[in-house]
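Remarks on the structure that follows.
Position 1 is the first residue of the sequence, and the numbers go up from there.
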Amino acid sequence: MASIKDVAAEAGVSVATVSRVLNDHPSVSAEARARVLAAVQSLGYRPNAVARSLRTDQTHTLGLVISDVMNPYFTELARSVEEEARALGYSVIIGNADERPDLQDHHVRNLLDRRIDGLLVSPTDGGSPLMLDAVRAGTPMVFVDRWIPGLDVPVVRADGRAAVQDLVAHLHGLGHRRLAIIAGPAATTTGRERVEAFRDALAAYGLELPDAYIGQGDFQAESGRRVTEGFLDLPEPPEVVFAADNLMALGALDAVRARGLRIPDDIALAAFDDIRWFVHTDPAITAVAQPTGELGRAAVRALVDRIEGRPGESVTLPARLVVRRSCGADPTSVQRSTS
């Protein structure tokens, strides 16, 4: 493998001149710059990224800590983050928190030790002293999907309130009146926000959300199954179960089928976070869809802005309702609403 000395010899310049060209220093003449770049291409020289980072105090590496890599929503988010970062000249190191605050902080600590240039986080809760310390220390950071209230950090997220209102309007139009929700963790902003949006949407139709129709989940499939079993055991079970994320919807589906019940004939099912396999269930599942790819790309751009000294701005994008057959909609109307 060619070294920087080989490039200097090939171009007929000093090692210092090669270094200046590679670091885009303006003091090099156009002729010398052209000779160095030609030598780099001819020899296939690749600068040592570790050595360069020690000189420039930049690693061109971003850290991404996601809540659950097994959740298809976060898998798609991570993919869009990696693609956008690569397009902007950055690499990404991913840490999976598995919805555990301690594991989240473990990854954050390791990423900071690796001297990443900036950090993208979807927090598992709102009480991490480590992230507070990182913000105070000046670490460029952006929250994506979830956030920690009170920290001066840009947030890139989807606003699902209007889509939840559309969902409740759709359910009300189908004649459903007893609507229940499998909530996410109250320690997360998305867990609280989706319950509030659901309750407000019901109130617009004069419907209440009794405590018995609020089941506490944890954004994992098993909690969706457990909560749905509890709903089905009630003296008056709900007519609709709305799962506040896709994995809990999968658990709810398992619980309904285990009882020998049919969707939507015996109970309807809807979910927050549309994912590709929802169209392959029978019936296909009605869902609130977030612009996941756009969120990931916007988060990277906001973080790179902060790294490069520009003001990274918060971004809020709208979610939308995708109507399918799991709540009892007529197939003809479903085709019109999703075309």
Side-chain angles (χ1 to χ4, degrees), residues 64 66-83 94 96-99 122 144-146 158 160 163-164 166-167 170-171 180-184 190-191 194 215 217-229 231-232 240-297 317-331 333-339:
L64 170 64
I66 54 177
S67 304
D68 183 4
V69 74
M70 296 298 290
N71 186 320
Y73 167 78
F74 286 111
T75 304
E76 184 178 349
L77 183 74
R79 178 178 179 178
S80 64
V81 164
E82 194 280 329
E83 289 175 348
I94 300 175
N96 171 37
D98 203 25
E99 298 291 358
S122 178
V144 57
D145 185 65
R146 309 174 188 176
V164 171
D166 290 342
L167 170 64
H170 168 65
L171 297 172
I181 184 170
I182 308 172
T190 49
R194 291 169 193 176
D218 60 5
F219 289 141
Q220 301 286 325
E222 176 58 26
S223 70
R225 183 196 61 76
R226 171 181 49 77
V227 169
T228 302
E229 287 179 345
F231 288 154
L232 295 175
V240 180
V241 171
F242 173 43
D245 92 321
N246 53 70
L247 292 182
M248 294 192 300
L250 177 61
L253 182 62
D254 288 343
V256 170
R257 288 178 171 172
R259 296 287 181 99
L261 302 176
R262 295 173 299 171
I263 296 174
D265 298 349
D266 300 308
I267 189 167
L269 177 64
F272 203 104
D273 284 342
D274 191 28
I275 51 178
R276 295 179 183 180
W277 53 259
F278 275 173
V279 300
H280 301 298
T281 61
D282 185 18
I285 296 175
T286 291
V288 172
Q290 300 194 75
T292 314
E294 295 176 54
L295 291 174
R297 291 186 288 272
L317 300 174
R320 64 187 178 89
L321 176 64
V322 180
V323 176
R324 300 191 180 100
R325 293 185 55 248
S326 64
C327 296
D330 178 81
S333 67
V334 170
Q335 186 175 7
R336 286 200 302 269
S337 67
T338 58
S339 61

Which pair of non-hydrogen atoms, one from [X] and one from [Y], has the smallest distance, and what is that distance?
X	Y	answer
L295	V144	O-CG2, 4.4 Å
G217	M248	CA-SD, 3.8 Å
S67	S122	OG-O, 2.9 Å
A289	D274	CB-CB, 3.6 Å
W277	L250	CH2-CB, 3.8 Å
F272	V164	CE1-CG2, 4.0 Å

Measuring from atom [atom1] of [X] to atom [atom2] of [Y], what distance do you get when rounded to the nearest 0.5 angstrom?
X	Y	atom1	atom2	answer
L167	R320	CG	CZ	14.0 Å
I275	Q290	CD1	CD	12.0 Å
E82	R79	CD	CZ	9.5 Å
D273	T292	CG	OG1	6.5 Å
F74	F219	CZ	CZ	7.5 Å
H170	T286	NE2	OG1	4.5 Å

Can you tell me if [X] uses its side chain to pair, donor with acceptor, with the backbone of [Y] under 3.5 Å?
X	Y	result
S326	L269	yes
R194	A244	yes
R324	I285	yes
N96	V69	yes

D145 side chain reached by Y73 side chain, heavy atoms, under 4.5 Å = yes
Check whether any side-chain heavy atom of T228 sits under 4.5 Å from a side-chain heavy atom of I267, and report yes or no.
-> no
Report the C-alpha distance between D245 and T190 in whole Å, list the side-chain angles of each, state the deciding distance to 0.1 Å, and finish with yes or no for side chain to side chain contact (heavy atoms under 4.5 Å, CB included).
-> CA-CA 10 Å; D245 92 321; T190 49; over 6 Å; no
Intermediate values then yes/no, side chain to side chain contact (heavy atoms under 4.5 Å, CB included), I263 and T281 = CA-CA 10 Å; I263 296 174; T281 61; over 6 Å; no
